[in-house]
Amino acid sequence: MNKVLFFLLIALIYVSCTTGSPRNRGSLSDAMDKSRDDYEDERTVPDEQDEWYYDAPEEEPEYEDSEEGAPDYYYSSYPTEAQDVFILLRGGASLVSDPYFDNPLDGEVLIGSSSEGNFGFFLFAGFKALTVQKDDDIYESIENKPFILHCGLETRFYPLKDWTLFSPYLTGRVSAFVLAWSYKNALIAGDDTIYTDFLSGFGFDAGAGVDLIQTEQFRAGVLLLPQGFLFGVETAEGFNNDVFDAYGTVRWSAEAGFRI
């Protein structure tokens, strides 16, 4: 399981940095301005191919035409140990609003183990429904239903692991996320019409929680989690990100789950 978690962590870091597009369409702030209802000129944006873009030829998969197939060691596996794997459902919201959005609700699903001594390891995926703050510049530029999808790795340290009631823990998390939105008015880039866009990023959290009850089959608890978010440099449609800056917030959550 540790090997799986390690490779997932590497994949998350890679995904968080690769929103980009082979097209260069200027700045995101310019796109936001031209999407506003009160913008009176043509809603056209630049449309150029990035100089760095290279369309690499596809490689033939190894062993594809081999009658003998891959050598035996190619299919080797590692022995596994039994784990007390739990699935948890978590919901909460931010105590402090971020600079751009109010976060009325978010939810996560976690799956992982707490059998590695005093440590626990969980994979998680989640969804955040957002509302744009009315006093922010982007309020007039995008529809008021943006959302975030995210996934990542969470670790926990239980100093009092044997406690079955009110067992405290410290936690740290890393995640990759995608912020998605729709422009209020479509933009024209060459032969393309742009209605939606998204921007990836990287999140890091560190906080503390308590398992109010922790048995072999069930657990439930609460968590307070300061969070930090870093955004990518380019959107999926090729706009340079000069709108969304790094920021931090504090989130509360409640969770409950069972052993599988």
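Source: prediction; values computed, not measured.
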Check: [X] side chain, [Y] main-chain N or O, donor-acceptor pair, under 3.5 Å:
X: S253; Y: L223; answer: no
X: N241; Y: V243; answer: yes
X: D102; Y: T131; answer: no

Indicate the atoms forming the closest heavy-atom contact of [X] with [Y], along with that distance.
X: G232; Y: L199; result: O-CD1, 3.7 Å
X: A189; Y: I194; result: CB-CD1, 4.0 Å
X: L187; Y: A31; result: CD1-CB, 3.6 Å
X: A186; Y: T193; result: CB-CG2, 3.7 Å
X: P226; Y: A206; result: CD-O, 2.9 Å
X: S182; Y: T196; result: OG-CG2, 3.4 Å

Would you check if [X] and [Y] make a side-chain contact, meaning some heavy-atom pair closer than 4.5 Å?
X: D245; Y: Y100; result: yes
X: T44; Y: I188; result: yes
X: F244; Y: D98; result: no
X: L110; Y: I87; result: no
X: I111; Y: F122; result: no
X: V233; Y: N240; result: no
X: I213; Y: T164; result: no

- Item | D37 vs N185, side-chain contact (heavy atoms from CB on, under 4.5 Å): CA-CA, chis, key distance, verdict | CA-CA 7 Å; D37 286 334; N185 293 280; 2.9 Å; yes
- Query: Does the side-chain contact (heavy atoms from CB on, under 4.5 Å) test come out yes or no for L89 and V109, once each step is laid out?
  - Reply: CA-CA 5 Å; L89 298 180; V109 177; 3.8 Å; yes
- Begin from the C-alpha positions of F239 and W181 and carry the test ring pair (Phe, Tyr, Trp, His ring centres under 6.0 Å) through to its verdict. CA-CA 14 Å; F239 297 113; W181 67 87; 8.9 Å; no
- Measure from the ring center of F229 to the ring center of Y247 and say whether it is less than 6.0 Å. yes
- Message: Please determine whether the number of non-hydrogen atoms from other residues, nucleotides or ligands lying under 6.0 Å from atom CD of E216 exceeds 12.
- Response: no
- Query: Is the count of non-hydrogen atoms from other residues, nucleotides or ligands lying under 6.0 Å from F127 atom CZ greater than 12?
  - Reply: yes
Let me check something: any side-chain donor-acceptor pairs from residues 139-153 under 3.5 Å, sequence neighbours excluded? List them with distances.
residue: S141; atom: OG; partner: M32; partner atom: O; Å: 2.7
residue: N144; atom: OD1; partner: V132; partner atom: N; Å: 2.6
residue: H150; atom: NE2; partner: E108; partner atom: OE2; Å: 2.8

- Query: Side chains of S29 and D242: donor-acceptor distance under 3.5 Å anywhere?
  - Reply: yes
- Does a donor on one side chain and an acceptor on the other come within less than 3.5 Å for D197 and Y183? yes
- In the hydrophobic clustering that connects Ile, Leu, Val, Met, Phe, Trp and Tyr at side-chain heavy-atom distances below 4.5 Å, which members other than L160 occupy its cluster, ordered by chain and number? W163
- Message: Strictly below 4.0 Å, N to O, side chains only: are R251 and D106 in salt-bridge contact?
- Response: yes
- Yes or no on side-chain contact (heavy atoms from CB on, under 4.5 Å) for V174 and F202, after CA distance, side-chain angles and deciding distance? CA-CA 8 Å; V174 291; F202 181 67; 4.3 Å; yes
- Query: Under 6.0 Å from the six-membered ring centre of F124 and within 45° of its axis: does the NZ or CZ of R173 meet both?
  - Reply: yes
- Rounded to the nearest 0.5 Å, what separation is found between the CD atom of Q133 and the CZ atom of F101? 9.0 Å
- Message: If I take atom CD from residue E237 and atom CG from residue L28, how far apart are they, to the nearest 0.5 angstrom?
- Response: 11.0 Å
- Item | ring pair (Phe, Tyr, Trp, His ring centres under 6.0 Å) evaluation trace for F198 with F177 | CA-CA 10 Å; F198 65 86; F177 68 85; over 10 Å; no
- Message: Could you walk me through whether E154 and L225 satisfy the side-chain contact (heavy atoms from CB on, under 4.5 Å) test, starting with their C-alpha distance in whole Å, then the side-chain angles of each, then the deciding distance to 0.1 Å, before giving a yes or no?
- Response: CA-CA 12 Å; E154 177 176 315; L225 197 66; 5.8 Å; no
